[in-house]
Amino acid sequence: MASNELPAVIPQTDPRAGYLAQRAAIDAAIARVLEGGSYILGREVEAFEAAFADFIGVAHAVACANGTDAIELALRACGIGSGDVVFTVSHTAVATVAAIERAGATAVLVDVEPGTYTMAPHELFRALQRSLPGRPAAVLPVHIYGQPAELSALAEIARAHGLRLIEDCAQSHGALYSGRPAGSFGDIGCFSFYPTKNLGALGDGGIVATNDHSLAAALREIREYGWRDRYVSARIGINSRLDPIQAAILGVKLKTLAADNARRQAVAARYDAGLANLPLALPLRRPEATHVFHQYVIRVAERDALRDRLQAAGIATGIHYPVPVHRQPAYGGRLACGPSGLGVTERAAPQILSLPIYPQLPDEAVDRVIAEVRAFLS
Ligand SMILES: Cc1ncc(COP(=O)(O)O)c(C=O)c1O
């Protein structure tokens with residue numbers, strides 16, 4: 001991609017550019033819903049669910065209001081709640097842990113691998129040997145930044161201990177592990193359509209993917225008051241429905257997701273080449289995975305000074321995430337952690353930096369970022 005119009009400030013992400021790239025089709029999709037007269041679930045949501053299930057290669061996709069709800073719905077559909085332990089990571093959006101708690105379960109946080117920032121299987125294994133604050137019920141790895149966690153090792157541990165495997169795919173739409181799409185590996189995959197995600201709505205949205213027919217039926221009931229028949233709650237549910245306007249928009253954007261991911265990978269490859277041989281760590285790629293680069297995260301000792309320098313040069317960056325969940329004021333001190341603590345997580349937080357990346361980012365902007373980083377570190 002090339003453009004002669006470089007923005008004065010390079011944003012870290014730009015969902016508006018994603019809208020403008022498909023403006024006519026998105027506007028037409030919105031008008032179709034408005035004129036159709038059906039504003040809750042209905043055909044638009046069903047059509048998107050079918051298209052997304054097809055994309056992920058699963059039998060069922062059940063759309064909901066956001067990615068946090070997707071995780072809560074997944075846990076509830078598995079019958080996981082009070083008295084149950086769900087293993088996840090602290091190096092994630094707070095949403096992952098918030099959803100576990102909202103389902104009534106107890107989160108136990110295990111450390112991540114230093115190179116990929118995804119759940120370390122040996123840490124999960126060790127945590128399972130310890131006394132736990134409840135019955136071990138599920139493992140919930142986060143495919144952070146767009147790269148799947150070490151799924152085969154995690155699945156093996158989950159199988160050996162009778163745990164559900166629930167994937168947090170909020171950042172990994174279209175990523176692959178051993179040739180299989182993230183979200184199709186475990187019992188359930190949970191996705192967010194927050195506007196900046198690889199597949200982003202123009203508002204909130206989420207979806208749950210599964211091959212299990214009975215889990216899909218449970219998910220459909222729980223997302224709408226537990227209704228099996230209208231107005232008759234067969235179980236306790238919530239209200240978490242995807243808006244049909246967002247479903248129609250997502251239907252348009254799904255068609256370009258593969259191309260958008262390819263462009264993110266090209267941006268990442270350009271950063272890799274341009275930032276080689278500097279005193280910083282580039283993103284590590286798992287050989288058995290396809291990384292879709294929701295974020296391009298470098299690791300550098302003088303992170304804050306580099307960030308200030310980029311900011312002064314008109315380059316926005318992000319930190320995903322500055323405060324691990326177990327250090328958040330609302331959670332600090334009360335979340336159980338794995339036996340070796342969360343040293344890798346804690347050491348990463350002050351050093352990680354997310355560079356600008358989104359499908360419409362021009363090569364010239366990537367080169368400007370590279371030049372500034374090189375000038376700072378050389
Ligand atoms: C890893 C992760 N999990 C869960 C979520 C929650 O998604 P949402 O913001 O749609 O509720 C997000 C996104 O913010 C996320 O990045």
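Sequence positions, counted from 1, serve as the residue numbers for this chain. We count ligands from 1, going down the list as the structure has it; atoms in each ligand are counted the same way. Any value given below was found using the heavy atoms of this structure, including those in side chains, with hydrogens, waters and symmetry copies removed.
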For ligand 1, which part of Tyr321 has a heavy atom less than 4.0 Å away: the side chain, the backbone, both, or neither?
side chain

Parallel under 30°, tilted from 30 to 60°, perpendicular over 60°: which one fits the rings of His91 and Tyr145?
perpendicular

Less than 3.5 Å between some nitrogen or oxygen of Asp204 and one of ligand 1, yes or no?
no

Looking only at protein heavy atoms, which one is nearest to atom 14 (O) of ligand 1, and how far off is it?
Lys197 NZ, 3.4 Å

If you measure from the Lys or Arg side-chain nitrogens to the Asp or Glu carboxylate oxygens, is any gap between Glu364 and Arg368 under 4.0 Å?
no

Under 4.0 Å between a side-chain nitrogen and a carboxylate oxygen: does that hold for Glu302 and Arg307?
no

Is Glu156 atom CD crowded by more than 12 heavy atoms from other residues, nucleotides or ligands, each under 6.0 Å away?
no

N/O to N/O below 3.5 Å, does that happen between Gly67 and ligand 1?
yes

Is the contact between Thr68 and ligand 1 made by the side chain, the backbone, both, or neither, using heavy atoms and a 4.0 Å cut-off?
both

Taking the six-membered ring for Trp, is the centroid-to-centroid distance between Phe55 and Phe48 below 6.0 Å?
no

Tell me whether Gln171 has any N or O atom under 3.5 angstrom from an N or O of ligand 1.
yes

Consider ligand 1: state whether an atom of it lies below 4.0 angstrom from any non-hydrogen atom of His320.
no

